[in-house]
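Here's the structure, in structure tokens; my notes come after.
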Amino acid sequence: MPTDTKRVRGPDVSQSPVLLGYKPAAVLASRGPREDGRQRDQVDVRPVFVRCGLVSQAKGSAYIEAGNTKLISCVYGPRETDRKDETDMKSGRLTTDVRFAPFSCPERVPWIQGSQDKDLSLMLHESLQPAVCLQRYPRSQIDVSVMVLENSGSALAHAVTCASLALADAGIEMYDLVLGCSLQQVGSSYVVDPSYLEENGWRCNSSESRGGLTVAFLPSLNQISGLQSDGEMSEETLTAGVRTCIEGCYKLYPVIQKVLTKAVRRAAPPST
Amino acid sequence: MATVQVSEAEKVYILHGIRDDLRVDGRGCEDYRHMEIETDVVSNTDGSAKVTLGHTAVLVGVKAEIGKPRPMIPNEGYLEFFVDCSANATPEFEGRGGEELGTNLSNVLYKVFSNKHSLDLHSLSISPGEHCWVLYVDVLLLQCDGNLYDAISIAIKAALFNTKIPRVNITSDDEGGKEIELSDDPYDCMRVNVENVPCIVTLCKVGHRHVVDATLQEKACSVASLIIAVTHNGTITCSRKVGGGSLDPESIFEMTETGKRVGKALHAPLMKLLQQEESLSKKRVRVGFLC
């Protein structure tokens, strides 16, 4: 386990008091309206606040806020690739990096990239790669980084949306935007765009089977570029869940398009 | 990942073959290659299994150790997965080369087992909040010829079936101190119920069709694959798109359906085989380890 010696890491073993007095049953009902007043069994995504181009040093950047989930994404490149030994020089390389700020979750997250972050980076990479015209950038590398400032559920789905927006803002040639949407299945009902508690409360709760699903979708090409599910789901619920997530992505689409046109207008005001 | 060079002409040949439900090695689109399973192969583990699938060879060892349960779930034990890509499999894995693939594979395994029914974690508890069994599942890739996920999941199921956890007794003295006592009898052990342990099915999209258990050549022709973990009753515990391409929603639904059907059919013969081998136990003739 590599450690960063330059940072003060606090005591080796410590526990968040949250873990000891954890009582999720009180907040998680599998019936009735959701904690934040949204509807169950409906494509009720949280309203998002999106903005492009807020990091001036980066080639492109985006910020997304959905409920309390806040993410920032930056794109650097295309620049000369680090790895000279790569055999395939005809197309460019896309690197992704997802990190959680130490204070982003109820429990403190260590600075060192853990296996969960690596997994999310890989998922992000696989979701974005089909959308980027990498063959237009031979011998070069495009770096995408996503920082989760506050995690209130559906981090991966919003990371995908945010990163594709940052790529578009950077002027990287793409086939399509990539939008993410996630869903949590609780017994026979489902919640779209789950909050942190809805996402992680399943461990301790009743006997109902639960499952999580995240879909990355290219809306104008009608292609799924990323799919991940865990927990327990039947084939029917999984199929229905994928359809619901696609619907959720379409709800997000006009907002993202609008933000992007706004950013383009601001960068180059129309000369009349 | 080990890769092979496939020329354009070869790709076209493979693609056209698969379109007509005929693969290079004569299989149909939903057939597995020849599979060999052997359990109890490494004596120093609590359970082990070796699976060869075509030219893919995987060795899994399960070691049980006593640890402290996680604070959020004090009355359950847990599993730890580690996948090691040995440099034997391909020179690319030398040094830290196989690390990335190893973490990817183990992350998928954590996802596959992250539900309440895959394995009865309550049975791994010794005393709530204090001690529990931690099962270290170590996977070693000996040879890579495509379809690692399926081979690994089958090997893990076989190794867990084979796992024998020693029975422990907890004695508490007058002052409330607790002591763990290991049973003297080596045959006095606890078994893990593997009935609900899922198997992973990887479906490779090649052209307009999808194939099960793709070889490296076939994998080189496909842009994206879907992995699905299916239990014996058809519950899907994990699904994931891997590879650089994207898939049409309709083909994802088709692939899920095929994956479920193929995965479900895998369990019964596997359990039968494992039980058969178990009943042989001492009578089994062992010839060599890897051949």
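The chains referred to below are lettered A, B, ... by the order of the sequence lines, with proteins before strands, and numbering in each begins at 1.
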Looking at A:Q223 and B:S246, what are the two nearest heavy atoms and their distance?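 What the structure gives for the nearest pair is OE1-OG, 2.9 Å.
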Quick check on [X] against chain A: is it the side chain, the backbone, both or neither that has a heavy atom closer than 4.5 Å?
X	result
B:V108	neither
B:I252	side chain
B:L226	side chain
B:E250	side chain

How about residues 224-233 of chain A versus chain B: which residues have heavy atoms under 4.5 Å apart?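 At a heavy-atom separation under 4.5 Å, chain B is reached by A:I224, A:S225, A:G226, A:L227, A:Q228, A:S229, A:D230, A:G231, A:E232, A:M233.
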Any side-chain heavy atom of A:E107 within less than 4.5 Å of one from B:P71? no
Is there a side-chain contact between B:N107 and A:M123 (heavy atoms, below 4.5 Å)? no
Can you tell me how far [atom2] of [Y] sits from [atom1] of [X], rounded to the nearest 0.5 angstrom?
X	Y	atom1	atom2	result
A:E235	B:K264	CD	NZ	9.5 Å
B:K260	A:E236	NZ	CD	5.0 Å
A:L122	B:E100	CG	CD	7.5 Å

Listing, residues 122-137 of chain B side-chain donor-acceptor contacts under 3.5 Å, not counting sequence neighbours, or none:
unit_1, atom_1, unit_2, atom_2, d
B:H122, ND1, B:N75, O, 3.4
B:H122, NE2, B:E76, OE2, 3.3
B:S123, OG, B:D120, O, 2.7

Using a 4.5 angstrom heavy-atom cutoff, name the option from A:L238, A:T214, A:L221 with the most pairs to chain B. A:L238
Specify which of A:N222, A:V215, A:I246 makes the most heavy-atom pairs with chain B at under 4.5 Å.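 Most heavy-atom pairs under 4.5 Å with chain B: A:N222.
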Most contacts with chain A, counted as non-hydrogen pairs under 4.5 angstrom, among B:S118, B:C238, B:S239: B:S239
Looking at chain A, which one of B:T103, B:V112, B:V242 has the largest number of heavy-atom pairs inside 4.5 Å, strictly under?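 Counting heavy-atom pairs under 4.5 Å, the top option is B:V242.
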With salt bridge (Lys or Arg N to Asp or Glu O under 4.0 Å) as the rule and sequence neighbours excluded, what pairs involving residues 120-137 of chain A come up? A:R136-A:E173
Sorted by chain and number, sequence neighbours left out, salt bridge (charged side-chain N to carboxylate O under 4.0 Å, His left out) with B:K63 holds for none
Would you mind checking which part of A:L134 comes under 4.5 Å of any heavy atom in chain B, side chain (CB onward), backbone (N, CA, C, O), both or neither?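 For A:L134, neither part sits under 4.5 Å from chain B.
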